[in-house]
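Order of the sequence lines sets the chain letters (A, B, ...), proteins ahead of strands, with each chain counted from 1.
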Amino acid sequence: MVKMVYFAWVRERIGKSEEVIDLPPSVETVADLLSHLSRLGDNYALALDEPDVIRVAIDQEHRQHDASIGHAREIALFPPMTGG
Amino acid sequence: MAFDPTVRIQQDDFDIKSEIEALTAGQGNTGAVVTFSGLCRDEDGTLSALELEHYPGMAESEIRRIAVEAADRWPLGGVTVIHRVGKIRPGENIVLVAATSKHRQAAFDGAHFIMDFLKSDAPFWKREIARDGRSGSWVDAKDRDNDALKRWR
């Protein structure tokens, strides 16, 4: 079980700001997670249509798509940041 | 003692003068204060407001990490970073970065570094609200913001 949190247009396209999901053991990396999620429904497929664009934080630290998910408690997906 | 920047994320506006006073109070060895403030543009009259969203917890910790990294690279006396969230109108403040040092170059470089990395690494997102009342689009990240980071590598 892992808590997913979504921001900006990722949140809008998926249609929720957070959820708790069960990950199959085959999901080992961030890239695995993104392809797993995009098969959960059209809303996920739309949000993750361009996976290279999606930024990922594991337990509130930036991670690359080849990073291992390990024992993550919270995984965040969001677009490139536009603060400042 | 580890470097301890002041980092705040808030809806309310901030007062640059009082932030400078708080940063320099009792710091007799401070010879330079550099502040950067980012304002909301009206985009040639078409923008009514920006709506700023952030990732609570991570936004603060990323800014803190960036400020500590700046203090590792330059001899900074202190750093204050304030980022507003929620609805911000044209002409209003969005962000403040203030850095102090004994001599000016470290404060210039430190503030510049913090601002460049804040734009690319701190989890904030802007959405434009147009004057015609339509809730407009999410602002796209700019390539030039990523290019700006190359200076520091």
Side-chain angles (χ1 to χ4, degrees), chain A residues 1-21 30-31 33-34 37-38 42-84, chain B residues 7 9 36-41 50-66 69 81-86 88 93-97 111-128 135-146 148-149:
Chain A
M1 302 283 272
V2 62
K3 180 183 176 189
M4 299 295 307
V5 290
Y6 310 118
F7 293 97
W9 54 254
V10 174
R11 168 177 55 73
E12 288 183 337
R13 291 177 191 177
I14 290 177
K16 51 188 121 180
S17 56
E18 59 178 74
E19 61 184 326
V20 175
I21 60 172
V30 167
L33 170 68
L34 295 180
L37 286 172
S38 62
D42 290 346
N43 51 333
Y44 292 93
L46 174 69
L48 307 176
D49 177 42
E50 289 184 84
D52 292 350
V53 174
I54 303 294
R55 304 300 174 91
V56 181
I58 296 182
D59 295 329
Q60 305 203 350
E61 290 186 15
H62 292 295
R63 288 288 179 262
Q64 301 296 318
H65 287 198
D66 60 359
S68 164
I69 285 176
H71 298 285
R73 295 181 302 277
E74 180 174 293
I75 303 178
L77 306 185
F78 43 80
M81 292 143 279
T82 55
Chain B
V7 176
I9 293 168
F36 170 85
S37 42
L39 311 184
C40 177
R41 287 183 298 268
L50 286 174
E51 183 82 39
L52 263 288
E53 175 174 336
H54 77 301
Y55 185 176
M58 182 173 173
E60 290 89 340
S61 64
E62 276 298 302
I63 293 173
R64 194 169 293 278
R65 178 185 66 73
I66 296 163
E69 197 178 327
V81 180
I82 304 173
H83 204 302
R84 292 182 63 201
V85 291
I88 298 176
N93 292 314
I94 300 175
V95 63
L96 172 72
V97 172
H112 193 169
F113 175 95
I114 291 166
M115 194 57 216
D116 281 355
F117 277 91
L118 184 154
K119 287 203 81 103
S120 70
D121 289 357
F124 293 87
W125 301 273
K126 291 189 184 104
R127 191 215 313 257
E128 294 179 329
S135 186
S137 45
W138 293 94
V139 173
D140 277 331
K142 309 277 193 304
D143 286 341
R144 66 168 180 266
D145 289 334
N146 257 326
L149 302 182

Pairing of B/R65 and A/E61 as salt bridge, 4.0 angstrom limit: no
Interatomic distance, B/Y55 atom OH to A/F7 atom CZ [nearest 0.5 angstrom]: 5.5 Å
Contacting region of B/E62 [heavy-atom separation from chain A under 4.5 Å]: side chain
Part of B/D145 lying under 4.5 Å from any heavy atom of chain A: neither
Spatial distance of atom NE2 (A/H62) from atom CE (B/M58) [nearest 0.5 Å]: 3.5 Å
Non-hydrogen atoms of B/D140 and A/T82 that approach each other most closely: C-CG2, 3.8 Å
Residue selection (most heavy-atom pairs with chain A, distance under 4.5 Å) from B/V95, B/L52, B/D121, B/L118: B/D121
Reported CZ-to-OG distance for the pair A/R55 and B/S120, which is rounded to 0.5 angstrom: 8.0 Å
Closest non-hydrogen atom pair between A/P79 and B/W125, with its separation: O-NE1, 3.0 Å
Largest heavy-atom contact set with chain A, pairs under 4.5 Å, which of B/A122, B/A59, B/S61: B/A122
Interface residue of largest heavy-atom contact number with chain A, from B/K142, B/E53, B/M115, under 4.5 Å: B/E53
Heavy-atom closest contact (B/A141 atom, A/M81 atom, distance): CB-O, 4.0 Å
